[in-house]
Amino acid sequence: MSLKIKQDHSRFKQIVRGKIKQNLKKYIQKGEMVGKKGKDLVTIPLPTIDIPHFKFGAKQQGGVGQGPGDIGQQLGPGQPGDGTGQAGEGEGQHTLEVDVGLEDLAEILGEELQLPRIEPKGKEKIVSTKIRYTGVNTTGSESLRHFKRTYKQALRRQIATGTYNPANPVIIPVKQDKRYRTWKETPLPETNAVIIYMMDVSGSMGDEQKEIVRIESFWIDTWLRHNYKGLETRYVIHDAVAREVDRETFFHTRESGGTMISSAYKLCKEILDADYDSSSWNIYPMHFSDGDNWSADDTRLCIDLLKNHIMPASNLFCYGQVESPYGSGQFIKDLRESMGDSEKMALSEIADKEGIYTSIKDFLGKGK
Amino acid sequence: MASTLPPRLQALKEEIEGYARDYGLDFFETIFEVLTYDEVNMVAAYGGFPNRYPHWRFGMEYEQLSKGYEYGVSKIYEMVINNDPCYAYLLEANAEVDQKIVMAHVFGHCDFFKNNFMFAHTNRKMMDVMANHATRVRRWIDKLGVEPIEDFIDRCLSLENLIDRNAPYIKRHASREEQFKQPEVTGFKVEREYMRGFVNPKEFIEEQRKKRDDEMQRAKKFPEHPQRDVLLFLLENAPLEQWEADILGIVRDEAYYFAPQGQTKIMNEGWASYWHSKIMTTRALTDAEVIDYADHHSGTLGGGGQSLNPYKLGIELYRHIEDRWNKGRFGKEYEECDDMRERLSWDRKLGLGREKIFEVRRHYNDVTFIDEFLTPEFCKDQELFVFGYNDKRQAYEIIDREFKKIKEKLLHQLTNFGQPNIEVVDGNFENRSELLLGHKYEGIDLKMDDARDTLVNMASLWRRPVNLVTKVEGKGMMMRFDGKEHSEKKVDL
């Protein structure tokens, strides 16, 4: 039996995709996807895909239940929903949890924000194709015959036509039983990319600010992963000194004390020198801070590092300035003044969570 | 799907079917199909049918069922279609004891479908009908494209609960034109022309004309009486294209087909559970299967915490009835006995229980079943209660354990399938071809955002503004969608 439902299923998925696109801004702000990320999938709640009906509002309704308990005892969550059959209660409060592939999500993001395709730099534009055996077909070459499926099919036919004899279980496939593997060619750009996330973790960067960085980095990761075959990520935190950490630590460290941005840039340069040859890597340093730096001298040092070492090696250097009640927000002004017109630099000020949406576009809209 | 049952299952089927017939169950021929879990999910998504018209919501249903199965939170054990022959499905991966339970359960359903009065008017060739519906919809899609058809189906489905569940035998009315044909007023027959003025004086003719005009005026209000079958009203009176009428008709037919199942959920599941338990425990179960059976059975009948399980409520109520009729705990003498000790030990050894429950399964639906047989003793035994929403706590809580309240609430929940009563009041509202719907308010407000969206869909079929009179927090309100925007105003009711 062929599964007729596949068609309806894929139509449903298409509708879901449309819904996600429609609500993308909301999802980005709320960071809903970030929290529910699996390996290749994100699970997101879709509230409004139901077909509307005239029905009762939930609250006044109540119902009849069964079990012990005194009057006034609170019922556990969700219980009224399974009342008598389809007595109508609770319906419509269901949210639908759908899984979306990160690949799909990246495409949706690209379409919605109208992001240009990234042109990987360097000579590494060779595209290799990878053959994937993804399906089964009724025609094909003998060398690709799917043994198990063929015999399964034959068995099924024999049982269906009543010619199968369990006492003498001989199964002979005929032509119509034969199944073959089919493949699809997927072009794969032979390019690697690395993102080096840097973040100021001094006292003035609060939880809200870090949440913003976390959400943005999720989308940047998703987009770059969609564009490059291999994507590596490195994490650097700094206050007055910088150190490399893992992802977990990156988002959960809070230090106090001063801020020397140059320390991060220095470490970034060291990482690049050691591991990422700029002729074969696409490099994306991303720095987030609230814009406070220790001194004008240090800022000059930063600019020097960027100009002479980091930016020449990178596809794009991104600086995101997250507004905080304590920061002066000076640093972005200095960057803008000294090299804001550079094609290789993307600057973005993020006032709050609502600003994330446009900020992603600031960073990724250059197509670098 | 033309697979024969493997020999082992075939033997089981014959065995169980024999037990069922011995107990007096009476059903159409029942065909079992063995499906993989993926196929089960598909068939379940299609409401039990192997073939339905294409629509995304089946895909959504399928996604949810597949996920439920993968995560291990739900598994479909049994599915059966009301059709002649009955079709039922077995999950390939189930253990043998499960297959036995499912078969016994299925024969209970099949007996119910064949004998319960609510199903008497359902189409027993629904498999074919559904397949025909699918073909018709596909044909429209080929002709007009997926999007308009799908959009239109969405809108029809939004209205699918607006049928008259109590009248599955509705006949079409005379067309609107015929209703409005004006008979000429000629007065009495006159044989001699010079007598005309005397036989039919001018004033008399005028009076007759006026009377006719009044009647016409009244008839112009259509429907003459509020009409519960809103879908039929739309079919007959909305300016639909041919393909739209065809699709709306399909949605309506299917809604009527499924309606009795919703109205007999407790009875039907209770009946099937009663019989699977009877057949298994008295005849079919081997010693080795007892534990697995008990596990499965308790899974079916257990409640999730304090929620009401229709399987459980149904089976217990049948057992309660059987017990009462076996012991003669009914009739005037028993009702009037107020000696509690005597009542508790009352046993006239009548042995009428089995006969009674067969009678009950024929003549009742969930509403009448509860209305007639729910007793205070039963409510107490089963620990039933009423729950309600506590605004302060923002949660549901137990609010009552009194018999009358429980019964009232349960009946209300079941009446009209737990759906609000909405009917067409006027198809020419304010003489502007607008549609006026009325909500027969029973103390519970409509879900407003849904109601607004549904009005939009209604208006797109009616192609003129649509109005709905309802109540919000006890006050009359007229909701209106004029094709572009919503408005609401207070009205006196």
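A note on names: the letters A, B, ... follow the listed sequences, proteins ahead of strands, and every chain is numbered from 1.
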Colleague: If you draw a 6.0 Å radius around CD in A:Q7, do more than 12 non-hydrogen atoms from other residues or ligands fall strictly inside?
Modeller: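 Atom CD in A:Q7 is not packed in, count stays at 12 or less.
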
Colleague: Side chain, backbone, both or neither: which part of B:L157 has a non-hydrogen atom closer than 4.5 Å to chain A?
Modeller: both

Colleague: Salt bridge between B:E160 and B:R165, side-chain N to carboxylate O under 4.0 Å?
Modeller: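 Between B:R165 and B:E160 there is no salt bridge, as every charged N stays at least 4.0 Å from the carboxylate O atoms.
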
Colleague: For the candidates B:R52, B:M458, B:R393, which exhibits the highest count of non-hydrogen atom pairs separated by less than 4.5 Å from chain A?
Modeller: B:R393

Colleague: May I ask you to say whether B:E408 pairs ionically with B:K404, meaning some side-chain N is under 4.0 Å from a carboxylate O?
Modeller: no

Colleague: Name the member of B:P6, B:G59, B:C379 that forms the most heavy-atom pairs with chain A at distances under 4.5 Å.
Modeller: B:G59

Colleague: Relative to chain A, which segment of B:A451 carries a heavy atom at a distance below 4.5 Å: side chain, backbone, both, or neither?
Modeller: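 Interface part for B:A451: both.
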
Colleague: Kindly write out the residues that satisfy salt bridge (charged side-chain N to carboxylate O under 4.0 Å, His left out) with A:K25, not counting sequence neighbours, or none if the list is empty.
Modeller: none

Colleague: Do B:E61 and B:R57 meet the salt-bridge criterion of a basic N to acidic O distance under 4.0 Å?
Modeller: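 No, this pair does not count.
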
Colleague: A:I15 versus chain B, heavy atoms under 4.5 Å apart: side chain, backbone, both or neither?
Modeller: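 Side chain of A:I15 only, per the 4.5 Å heavy-atom cut-off to chain B.
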
Colleague: Which atoms of B:F58 come close to chain A, meaning under 4.5 Å heavy atom to heavy atom: side chain ones, backbone ones, both, or neither?
Modeller: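 The answer is both parts of B:F58.
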
Colleague: Using non-hydrogen atoms and a 4.5 Å limit, figure out which bit of B:N457 sits close to chain A: side chain, backbone, both or neither.
Modeller: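 Side chain only.
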
Colleague: Checking heavy atoms, do the side chain of B:Y311, its backbone, both or neither come under 4.5 Å from chain A?
Modeller: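 Interface part for B:Y311: neither.
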
Colleague: Around atom CG of A:D207, are there more than 12 heavy atoms of other residues, nucleotides or ligands at under 6.0 Å?
Modeller: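 Counting other residues, nucleotides and ligands, CG of A:D207 stays at 12 neighbours or fewer.
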
Colleague: Name the region of B:E150, side chain, backbone, both or neither, that has any atom closer than 4.5 Å to a heavy atom of chain A.
Modeller: side chain

Colleague: Mind checking what makes salt bridge (charged side-chain N to carboxylate O under 4.0 Å, His left out) contact with A:E211, not counting sequence neighbours?
Modeller: A:R214

